[in-house]
Amino acid sequence: MQTGLAATGRFETENASKYLQQLCKHFAHKVQARCDDRSGEVALGTGPCRLWADASELRVEVMAPDAEELDQAKRIVDSHLERFAFREDFKTMSWT
């Protein structure tokens, strides 16, 4: 699949590594995914998704062939993080 658009989301949290691993392990039930405590990759249906964690931030890059699928990829990540990070009152990543 040719990916034409990309967006990067940021979430400031001390639990970045935990959420990165939760996301990858959750997605691995349905799609190809791999991760360690600092980075990960997920083969979302919309396109590749890459994740990075450090001591203060989770960063996620999603790619898709068009704007509609890019928005869908961002919604997928946000909705799952909303469930995993509910104690932090997470709603959405800061996407650029």
Side-chain angles (χ1 to χ4, degrees):
M1 172 191 297
Q2 183 69 20
T3 55
L5 299 175
T8 301
R10 288 179 158 67
F11 173 34
E12 290 185 29
T13 177
E14 294 176 1
N15 297 305
S17 179
K18 172 186 166 184
Y19 297 139
L20 179 150
Q21 292 175 67
Q22 277 185 294
L23 285 167
C24 288
K25 289 175 183 176
H26 177 79
F27 289 133
H29 292 287
K30 300 259 182 183
V31 299
Q32 189 173 20
R34 69 122 207 114
C35 72
D36 57 34
D37 61 339
R38 310 277 288 158
S39 65
E41 295 179 25
V42 177
L44 293 180
T46 55
C49 173
R50 294 187 183 100
L51 305 94
W52 299 271
D54 63 28
S56 63
E57 180 181 73
L58 173 64
R59 188 169 39 109
V60 178
E61 180 185 60
V62 292
M63 290 167 262
D66 59 48
E68 184 177 324
E69 290 191 50
L70 188 65
D71 286 342
Q72 180 183 358
K74 293 189 295 188
R75 284 191 304 272
I76 289 168
V77 171
D78 282 341
S79 68
H80 284 82
L81 267 176
E82 187 173 11
R83 282 184 259 154
F84 298 148
F86 67 93
R87 287 181 185 89
E88 296 188 47
D89 199 29
F90 175 88
K91 296 299 176 203
T92 183
M93 295 193 96
S94 174
W95 292 102
T96 55

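When a residue number appears, it is its place in the shown sequence, counting from 1.
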Margin query: Please determine whether side chain to side chain contact (heavy atoms under 4.5 Å, CB included) holds for the pair Cys35 and Leu51, giving the CA-CA distance in whole Å, both sets of side-chain angles, and the decisive distance to 0.1 Å.
Written below: CA-CA 9 Å; Cys35 72; Leu51 305 94; over 6 Å; no
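- Atom CZ of Arg34 and atom NZ of Lys25 lie 13.0 Å apart (nearest 0.5 Å).
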Next item on the list: Kindly determine whether Arg75 and Asp78 satisfy salt bridge (Lys or Arg N to Asp or Glu O under 4.0 Å), including the steps that lead there.
Entry: CA-CA 5 Å; Arg75 284 191 304 272; Asp78 282 341; over 6 Å; no
Margin query: Go through it in stages, so that I can follow the logic: the residues are Ser94 and Arg59, the test is side chain to side chain contact (heavy atoms under 4.5 Å, CB included), and I'd like the CA-CA distance, side-chain angles, deciding distance and then a yes or no.
Written below: CA-CA 9 Å; Ser94 174; Arg59 188 169 39 109; over 6 Å; no
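- Counting non-hydrogen atoms of other residues, nucleotides and ligands closer than 6.0 Å to CZ of Arg83 gives a total above 12.
- Between Val62 and Thr46 there is no side-chain heavy-atom pair separated by less than 4.5 Å.
- Going from atom CD of Glu88 over to atom OG1 of Thr13 covers 3.5 Å, rounded to the nearest 0.5 Å.
- With rounding to the nearest 0.5 angstrom, the CD atom of Gln32 is 12.0 Å from the CG atom of Leu44.
- A continuous path of Ile, Leu, Val, Met, Phe, Trp and Tyr side chains, each step under 4.5 Å between heavy atoms, connects Trp95 with Tyr19, placing both in one hydrophobic cluster.
- A donor-acceptor pair is defined here as one N or O able to donate and one able to accept, closer than 3.5 Å; no such pair exists between the side chain of Arg50 and the backbone of Glu41.
- Here the straight-line distance linking atom CG of Leu58 with atom NZ of Lys18 works out to 12.5 Å at 0.5 Å rounding.
- Within 6.0 Å of CD in Glu57 there are more than 12 heavy atoms belonging to other residues, nucleotides or ligands.
- Between atom CD of residue Gln21 and atom CG of residue Asp36 there is a gap of 7.5 Å, rounded to the nearest 0.5 Å.
- Around CD of Glu68, the count of heavy atoms belonging to other residues, nucleotides or ligands within 6.0 Å does not exceed 12.
- Cluster annotation: Phe84 and Trp52 are assigned to distinct hydrophobic clusters (Ile/Leu/Val/Met/Phe/Trp/Tyr, side-chain heavy-atom contacts under 4.5 Å, transitive).
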